[in-house]
Amino acid sequence: MRRWWVSFPMPQTKPKVLTNKSFDAAIADHRVVLVDFWAEWCAPCKTMAPDLIEIARESEDDVLIAKVDVDKERQLVERFGIKSMPTILTFHEGELHSSYVGAVPAAGLRAALDEAQKPKRKGLLRSLLGG
């Protein structure tokens with residue numbers, strides 16, 4: 001007997017752990033991504049963890065909340081010039097949108113996601129010159 005069913009995307013219940021191998025695909029697969037660069041030994045990172053879980057649960061299907069362990073993923077740390085933890089990066093349609101250094105409260109994380117929903121603004125000079 002054959003079984004037929006439709007697969008629906010499951011809502012995110014916690015931040016997705018990204019590695020050097022999975023990072024680019026995850027960024028490309030979602031319209032908006034918020035990535036927390038963190039470390040196990042980082043106290044401010046630990047204080048943000050419950051807020052990231054809550055926001056992951058609230059997120060829409062095209063929004064990804066993710067984490068990168070800076071001690072395990074040195075290539076990504078170097079690639080993005082991460083110097084302090086926690087560092088939050090947001091991406092919009094595959095492009096780096098914004099970065100935030102230091103512990104960000106839940107309201108700030110939600111604001112960062114709201115801002116990342118909008119395309120990054122061009123500078124006035126670039127927009128005037130058609131760049």
Side-chain angles (χ1 to χ4, degrees):
M1 178 168 79
R2 280 192 147 158
R3 294 182 189 204
W4 297 94
W5 65 87
V6 176
S7 176
F8 294 100
M10 295 296 294
Q12 191 173 0
T13 59
K14 62 183 180 177
K16 180 176 181 170
V17 175
L18 298 182
T19 65
N20 189 53
K21 290 181 181 180
S22 65
F23 190 89
D24 291 329
I27 300 300
D29 286 347
H30 296 85
R31 189 174 57 82
V32 174
V33 181
L34 182 144
V35 182
D36 173 27
F37 283 80
W38 71 286
E40 185 68 38
W41 46 264
C42 169
C45 299
K46 290 179 182 181
T47 63
M48 284 180 47
D51 292 336
L52 287 165
I53 292 169
E54 181 181 327
I55 290 168
R57 289 180 181 150
E58 298 169 358
S59 296
E60 301 170 15
D61 290 340
D62 62 347
V63 174
L64 175 67
I65 308 301
K67 296 177 75 88
V68 171
D69 185 334
V70 298
D71 292 327
K72 293 179 181 176
E73 303 301 332
R74 298 304 303 167
Q75 288 178 313
L76 290 172
V77 169
E78 291 174 20
R79 177 176 166 188
F80 291 103
I82 305 299
K83 305 255 188 259
S84 299
M85 271 73 60
T87 293
I88 304 293
L89 300 182
T90 59
F91 295 82
H92 175 89
E93 295 181 354
E95 298 291 323
L96 180 62
H97 190 277
S98 300
S99 64
Y100 308 86
V101 177
V104 179
L109 293 169
R110 286 184 183 93
L113 275 176
D114 287 345
E115 188 61 30
Q117 303 276 347
K118 307 170 195 166
K120 197 168 186 178
R121 294 183 194 151
K122 294 181 181 179
L124 179 59
L125 186 57
R126 283 185 64 195
S127 63
L128 290 174
L129 297 174

**Asked** If you group Ile, Leu, Val, Met, Phe, Trp and Tyr by side-chain heavy-atom gaps below 4.5 Å, do L109 and L113 land in one group?
**Response** yes
**Neighbour count >12 (heavy atoms, 6.0 Å) for atom CD, E58** = yes
**Asked** So, are E73 and R79 salt-bridged, with charged N and O less than 4.0 Å apart?
**Response** no
**Candidates V63, V104, T90 - the one meeting side-chain contact (heavy atoms from CB on, under 4.5 Å) with L34** = T90
**Prompt:** Are D62 and H30 side-chain neighbours, meaning at least one heavy-atom pair lies under 4.5 Å?
**Reply:** no
**Prompt:** Would R110 and E54 count as a salt bridge (Lys or Arg N to Asp or Glu O under 4.0 Å) if you check the C-alpha gap in whole Å, the side-chain angles of each, and the deciding distance to 0.1 Å?
**Reply:** CA-CA 10 Å; R110 286 184 183 93; E54 181 181 327; 2.6 Å; yes
**Message:** If I compare all heavy atoms of A116 with all of F91, which pair ends up nearest, and what's the gap?
**Reply:** CB-O, 4.4 Å
**Item:** Minimum-distance pair of heavy atoms, taken over all atoms of M48 and G102
**Value:** SD-O, 4.2 Å
**Message:** If hydrophobic clusters are built by linking Ile, Leu, Val, Met, Phe, Trp and Tyr wherever their side-chain heavy atoms come under 4.5 Å apart, do I53 and L64 end up in the same one?
**Reply:** no
**Asked** Is there a donor-acceptor pair under 3.5 Å between the side chain of H97 and the backbone N or O of Q117?
**Response** no
**Request:** Please answer: with hydrophobic residues joined when any side-chain heavy atoms are less than 4.5 Å apart, are L96 and V33 in the same cluster?
**Result:** yes
**Message:** Would you say V77 ends up clustered with I88 if hydrophobic residues are merged whenever their side chains have heavy atoms under 4.5 Å apart, either directly or through other cluster members?
**Reply:** no
**Asked** Closest approach of L89 and S99, non-hydrogen atoms and distance?
**Response** CD2-CB, 3.3 Å
**Prompt:** Hey, quick one: are F23 and V70 part of the same hydrophobic cluster, counting side-chain heavy atoms closer than 4.5 Å, chains of contacts allowed?
**Reply:** yes
**Message:** Ignoring hydrogens, what is the shortest heavy-atom contact between G94 and I27? Give both atom names and the distance.
**Reply:** CA-CG2, 3.7 Å
**Prompt:** Taking C-beta and beyond as the side chain, do M85 and P44 meet within less than 4.5 Å on heavy atoms?
**Reply:** no
**Message:** A side-chain contact here means heavy atoms from C-beta on lying under 4.5 Å apart; do L76 and F37 qualify?
**Reply:** yes
**Asked** What pair of heavy atoms forms the shortest contact from R57 to T13, and how long is it?
**Response** NE-O, 3.4 Å
**Asked** What are the two closest heavy atoms between D69 and A39, and how far apart are they?
**Response** OD1-CA, 4.4 Å
**Asked** Hey, does the side chain of S59 reach the backbone of I55 with a donor-acceptor pair shorter than 3.5 angstrom?
**Response** yes
**Asked** Do the non-hydrogen side-chain atoms of W38 and L52 ever get within less than 4.5 Å of each other?
**Response** no
**Asked** Are the charged groups of D29 and K16 less than 4.0 angstrom apart, N to O?
**Response** no
